[in-house]
Participant: 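Mind having a look at this structure? Questions to follow.
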Amino acid sequence: MPAQRKGAPRKKTSPRRWSQRVTRESDALDLKKGVFKLTSARKIAASLKRSAERSSRRKSGAYRSALSMLTFYINRAGKTLPKTERARLERAKAELKHQFGRD
């Protein structure tokens, strides 16, 4: 890769915390604060379902929006997510499917 010449315009870098901004300002859902920290997979799923059904800004169905936000959170946390928390969020996925009658 060639070195930057003095005075040449620099390429803009992307914001460091874009995924945090997406979670906070997403058009998909207005999430209850701390929803992913709830102790029960059932409570997490119920909160996501409630948020998805009440949202007037989502672009797809309630189930798809809720599942997308949950998956996004899991992926965003990556390897730093403790195994117990990851397992609880994975159970919340199954519970969300059950609550929407998609078994």
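Because the structure is a prediction, the values reported are computed rather than measured.
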Participant: Distance from Leu31 atom CG to Ile44 atom CD1, nearest 0.5 Å?
Facilitator: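 That separation rounds to 11.5 Å.
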Participant: Under the 3.5 angstrom rule, does the side chain of Ser51 hit a backbone N or O of Ser47 as a donor-acceptor pair?
Facilitator: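 At least one qualifying donor-acceptor pair exists.
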Participant: Distance check, rounded to the nearest 0.5 Å: Ser65 atom OG versus Glu53 atom CD?
Facilitator: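 Atom-to-atom, Ser65:OG and Glu53:CD are 11.0 Å apart.
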Participant: Looking at side-chain heavy atoms only, is the closest gap between Phe100 and Arg64 below 4.5 Å?
Facilitator: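 No, their side chains stay 4.5 Å or more apart.
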Participant: Which atom pairs, donor and acceptor, lie under 3.5 Å between side-chain atoms of residues 77-96 and protein residues at least two apart or in another chain?
Facilitator:
from, atom 1, to, atom 2, distance (Å)
Thr80, OG1, Ala77, O, 2.6
Arg86, NH2, Gly78, O, 2.5
Arg88, NE, Leu38, O, 3.0
Glu95, OE2, Gln99, NE2, 3.2

Participant: NZ/Lys37 to NZ/Lys32 distance, rounded to the nearest 0.5 angstrom?
Facilitator: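 Interatomic distance, Lys37 NZ to Lys32 NZ, rounded to 0.5 Å: 14.5 Å.
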